[in-house]
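Just so we're on the same page: letters track the sequence lines, and every chain starts at 1.
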Number of protein chains: 2
Amino acid sequence: MDTTTLFTKKLAESGYRLTQSRRAIVQALVACGGHITADDLTIKVHEMAPMVGRMSVYRTLELLCELGLARPIYQGTGAAHYILLDGGSHHHLICNRCGLVIEFDHCAADEVGQTLSARFNFQIQSHLLEFHGICTDCQTSSLKGEDVDDKLS
Amino acid sequence: MDTTTLFTKKLAESGYRLTQSRRAIVQALVACGGHITADDLTIKVHEMAPMVGRMSVYRTLELLCELGLARPIYQGTGAAHYILLDGGSHHHLICNRCGLVIEFDHCAADEVGQTLSARFNFQIQSHLLEFHGICTDCQTSSLKGEDVDDKLS
DNA sequence: CTTGCTGCAAAATTTTTGCACGAAT
DNA sequence: ATTCGTGCAAAAATTTTGCAGCAAG
């Protein structure tokens with residue numbers, strides 16, 4: 001089952017309606033792989049379904065977050081980016097200097113999650129692990145405050 | 001050495017000036033333990049140092065993020081919250097329903113960080129690990145969309 | 001049918017710029 | 001002295017609210 005189908009299915013299971021707008025928004029989000037601003041996603045949605053309003057994008061993203069399928073992150077750029085939590089987890093290396101984002105797969109957090117789930121009686125849906133530091137390029141050209149914005153992933 | 005001293009020291013080491021405003025902002029942020037909005041931090045700073053402007057708070061927070069001492073997170077509340085990465089790491093259990101945040105200490109991410117640091121030649125300063133799911137209360141009163149805002153930590 | 005969802009526009013917040021003055025090194 | 005940082009105000013951008021009409025179940 002592809003991610004779009006999984007998402008729409010989860011929406012239905014949770015008692016939410018499967019509207020045209022929500023289908024289009026989920027499809028666009030999955031198609032671009034996440035890492036997108038609410039506004040940019042609106043633009044992408046409009047390419048396929050021009051009648052969908054910006055509000056529905058905001059509300060659908062909020063909904064996906066509640067269902068544990070997405071998560072807003074803030075890179076200090078003024079607008080939240082939404083990432084997919086499809087497989088249940090997401091892993092980042094984030095450069096504090098230029099904002100570069102590297103994704104990686106390896107993760108040892110699952111067993112920690114098991115323990116926490118038991119201790120706090122918390123039903124875990126997904127997790128996000130971020131390492132923050134300085135990327136290779138910024139280490140080389142280590143000029144304070146020299147932001148290289150066009151490296152944003 | 002307390003956190004405030006550590007922060008001001010890091011600022012100086014990195015070639016930034018230790019101004020009255022920055023001292024006050026760092027002090028207020030550390031005093032409240034992080035988890036605060038830029039605007040709320042401004043209010044807190046004003047209690048001790050009324051002459052500090054909102055702009056300096058924004059700029060100082062951005063600076064702390066670049067130095068790996070803080071990190072903005074987005075809880076879907078319209079404004080970014082800043083958390084301290086003092087000890088080098090931060091760990092959350094976040095409820096997707098009501099926004100409750102539980103902090104925990106245990107973490108097995110350090111060894112993963114070592115591996116990644118080597119593989120990507122990435123100089124790691126800190127990390128953030130978040131587990132997302134449904135908290136105890138929300139599991140009990142599992143009414144779709146029932147947000148309990150006054151539980152925010 | 002009934003209730004939930006949408007979309008528009010306007011309002012409220014939050015964040016960024018520009019520039020002259022003040023402060024730290 | 002020379003930069004760097006500040007603070008004010010205004011502008012820009014992002015997000016939320018309210019409400020009538022449409023659509024999904």
Side-chain angles (χ1 to χ4, degrees), chain A residues 7-9 11-26 28 36-46 48-67 70 72-82 99 143-147 149, chain B residues 7-9 11-26 28 36-46 48-67 70 72-82 99 143-147 149:
Chain A
F7 276 36
T8 51
K9 197 176 160 191
L11 275 175
E13 278 172 5
S14 306
Y16 294 102
R17 293 186 179 170
L18 251 61
T19 63
Q20 295 292 319
S21 298
R22 284 180 178 165
R23 281 178 199 278
I25 292 163
V26 167
I36 194 169
T37 288
D39 251 6
D40 288 345
L41 182 57
T42 303
I43 294 170
K44 266 211 166 300
V45 170
H46 278 177
M48 308 302 292
M51 73 294 295
V52 176
R54 175 159 58 259
M55 287 311 93
S56 296
V57 175
Y58 276 96
R59 287 187 276 230
T60 301
L61 284 172
E62 189 183 349
L63 199 51
L64 293 177
C65 291
E66 184 183 320
L67 296 177
I73 61 174
Y74 196 75
Q75 310 275 29
T77 51
H81 287 222
Y82 286 81
L143 302 169
K144 169 183 81 179
E146 182 211 16
D147 284 17
D149 289 330
Chain B
F7 276 35
T8 49
K9 199 176 159 192
L11 275 175
E13 278 172 4
S14 306
Y16 294 102
R17 293 186 178 169
L18 252 62
T19 64
Q20 295 292 319
S21 297
R22 284 179 178 165
R23 282 178 197 278
I25 293 162
V26 167
I36 194 169
T37 288
D39 252 4
D40 288 345
L41 183 57
T42 303
I43 293 169
K44 265 211 167 300
V45 169
H46 279 177
M48 306 303 290
M51 73 295 296
V52 175
R54 175 159 60 260
M55 288 311 95
S56 295
V57 175
Y58 276 96
R59 287 186 278 231
T60 301
L61 285 172
E62 189 185 347
L63 199 51
L64 293 177
C65 291
E66 183 182 320
L67 296 175
I73 61 174
Y74 195 75
Q75 310 273 28
T77 51
H81 287 223
Y82 285 81
L143 302 169
K144 169 182 78 178
E146 183 210 17
D147 284 15
D149 289 331

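What separates CD of Gln75(A) from P of dT16(C) is a distance of 13 Å, to the nearest Å. Between Tyr16(B) atom OH and dT6(D) atom P the separation is 12 Å, expressed in whole Å. As rounded to whole Å, 15 Å separates atom C1' of dT15(C) from atom CG of Asp40(B). What separates CZ of Arg54(A) from C1' of dA10(C) is a distance of 12 Å, to the nearest Å. If you measure from atom CE of Met55(B) to atom C1' of dC21(C), you get 17 Å, rounded to the nearest angstrom. Counting to the nearest Å, the P atom of dA23(D) and the CZ atom of Arg23(A) are 15 Å from each other. Asp39(B) places its CG atom 14 Å from the C1' atom of dT14(D), with the value rounded to the nearest Å. For the pair Leu18(B) CG and dT6(D) C1', the interatomic distance rounds to 15 Å; values are reported in whole Å.
Proximity of Tyr74(A) to Ile73(B): side-chain heavy atoms (C-beta onward) are nowhere separated by under 4.5 Å. When side chains are defined from C-beta on, Ser14(A) counts as touching Leu67(A), because their heavy atoms get closer than 4.5 Å.
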Please walk me through it: do Ile25(A) and Phe7(A) pass side-chain contact (heavy atoms from CB on, under 4.5 Å)?
CA-CA 11 Å; Ile25(A) 292 163; Phe7(A) 276 36; over 6 Å; no
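Between Thr19(B) and the phosphate of dA24(C), there is no side-chain N or O to OP1/OP2 separation shorter than 4.0 Å. Note on Ser21(B): every side-chain N or O is 4.0 Å or more away from OP1 and OP2 of dG5(D).
Between Arg17(B) and Tyr74(B), the residue anchored closer to the 5' end of DNA chain D is Arg17(B), taking for each the nucleotide with the nearest heavy atom. Between Arg59(A) and Thr37(B), it is Arg59(A) whose nearest contact on DNA chain C lies nearer the 5' terminus. Of the two residues contacting DNA chain D, namely Gly76(B) and Gly53(B), the nearest-nucleotide position lying further toward the 5' end is that of Gly53(B).
In this structure, Arg22(A) reaches the sugar-phosphate backbone alone: every heavy-atom distance under 4.0 Å involves primed, P, OP1 or OP2 atoms, never a base.
Distance from the side chain of Ala79(A) is smallest for dT15(D) among the nucleotides dT15(D), dT15(C), dG7(C).
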